[in-house]
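Note on naming: letters A, B, ... go to the chains in the order of the sequence lines (proteins, then strands), and numbering restarts at 1 for each one.
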Number of protein chains: 2
Amino acid sequence: MKGRPREFDADEALDCALEVFWRKGYEGASLSELTEAMGINRPSLYAAFGNKEELFRKALDRYAEGPAAYTREALNAPTAKSVAERLLQGAAEALTHPDYPPGCLGVHGALSCGEAAESIRDELGSRRAAYEVSLRQRFERAKMEGDLSADADCADLARLVTTVAQGMAVQAAGGATRQDLRRVAEMMLRAWPG
Amino acid sequence: MKGRPREFDADEALDCALEVFWRKGYEGASLSELTEAMGINRPSLYAAFGNKEELFRKALDRYAEGPAAYTREALNAPTAKSVAERLLQGAAEALTHPDYPPGCLGVHGALSCGEAAESIRDELGSRRAAYEVSLRQRFERAKMEGDLSADADCADLARLVTTVAQGMAVQAAGGATRQDLRRVAEMMLRAWPG
DNA sequence: ACAATTCCATACCTATCGATACAAATAGTA
DNA sequence: TACTATTTGTATCGATAGGTATGGAATTGT
């Protein structure tokens with residue numbers, strides 16, 4: 001390994017980029033804002049992350065493993081209802097976390113790109129679809145394990161939960177408080193089948 | 001009335017602009033796309049509508065009175081549950097209407113603007129907030145009229161319904177079908193209190 | 001000590017953004 | 001016809017977008 005070592009930490013810079021994308025969306029985040037927030041200059045960004053689109057994808061991975069990890073972890077809850085509860089209450093917390101911008105990077109980014117960033121929108125759409133599938137499969141397992149009524153439609157139920165979570169993301173972006181979202185989650189769970 | 005008459009119909013042009021904003025969001029819609037869709041050129045647009053922001057506001061008014069009129073009309077339904085039903089089922093239809101872009105102009109536009117268009121976001125936010133208030137007041141009236149249980153929290157209920165509607169808008173923008181959204185609305189209504 | 005390699009910084013590229021200046025064209029009025 | 005008011009088309013403005021070329025500074029292995 002020869003050559004001059006880089007003077008910044010790639011993960012820290014990626015976290016800063018994530019926050020900018022989170023606040024402004026994909027197209028709303030300019031390279032000048034990104035480089036300023038990351039503390040590096042343009043050529044360093046391109047050398048380390050490729051281009052804006054690759055940077056966004058890497059920030060997205062980091063988002064999924066960090067601030068949005070609750071979505072994956074919720075699937076490990078013991079029953080169908082507890083899965084929904086951990087997902088929706090986790091959303092209420094995460095979408096209004098004081099250390100991060102309000103709202104959801106995925107929802108924010110998906111709706112805020114013109115046709116130039118179509119590949120970004122497709123990427124986010126397929127990620128959401130994949131999550132909805134895994135949620136449906138989790139509910140099917142719950143049905144077999146007996147903690148979800150046999151006549152429930154798992155696909156519809158998964159779509160309902162993701163729809164509410166996405167609506168909560170819109171609410172958070174619009175200024176809803178943590179308490180507001182907790183109540184939405186609670187009312188939704190009170191109506192849980194079975 | 002002196003001077004050369006304009007060669008285009010202002011309302012038709014506004015409808016075309018509305019559709020472009022609807023598909024691309026506020027910042028995602030460029031003036032070139034707008035003028036091309038409207039069939040006029042740039043100075044004519046500025047002479048007739050002021051600037052991009054004023055054009056968007058006028059398109060927003062036209063949206064509220066046209067494709068999104070169901071939100072206001074739903075408030076006239078006889079009972080609280082029928083109000084929610086008309087709103088959510090109306091959303092399922094409107095958000096997937098074949099003659100219009102999928103999704104909701106308000107949700108799309110609010111999440112897809114950087115800080116440059118902060119006034120646009122505030123405008124959309126206050127419109128949503130105003131609607132949520134009118135929905136709450138409608139529920140309070142329903143409580144007095146006896147078709148909503150006395151222990152229901154009208155503010156929470158209004159927020160829940162708008163949250164689901166906004167989530168449906170995100171789902172529609174992501175490609176959900178009309179049938180998908182109808183089922184979401186139906187499941188939500190099945191859990192209606194009282 | 002030297003050369004290879006890598007990084008950082010300035011300055012610049014082309015394309016596009018929203019917004020306008022200007023003059024030709026079209027109408028009503030006298 | 002002369003005059004005025006308004007629209008329309010072209011051409012362009014300054015600002016900013018994403019993305020690079022270039023050159024010097026810094027750190028490594030030999």
Provide the full list of side chain to side chain donor-acceptor pair (under 3.5 Å) pairs with a residue in residues 34-45 of chain B, sequence neighbours left out, each pair given once.
B/Ser32-B/Arg42, B/Asn41-B/Ser44

When you check every protein heavy atom under 4.0 Å of nucleotides 9-20 of chain D, what one-letter string (B, S, -) results, 5' to 3'?
BB------SBBB

Rounded to whole angstrom units, what separation is found between the CD atom of B/Glu36 and the C1' atom of D/dT8?
18 Å

Between P on C/dC8 and CZ on A/Arg4, what's the gap in Å once rounded to a whole number?
6 Å

Nearest 0.5 Å, please: how far is CD in A/Glu123 from CZ in A/Arg57?
4.5 Å

Do the rings of A/Trp22 and A/Tyr100 sit parallel, tilted or perpendicular, given the 30° and 60° boundaries?
parallel

Integer-rounded Å distance: C/dA19 C1' and B/Leu34 CG:
13 Å

Lys/Arg cation over aromatic A/Tyr26: A/Lys52, 6.0 Å, 45° cone
yes

Pairs meeting criterion salt bridge (charged side-chain N to carboxylate O under 4.0 Å, His left out) with involvement of residues 169-179 of chain B, two or more places apart
B/Glu93-B/Arg178

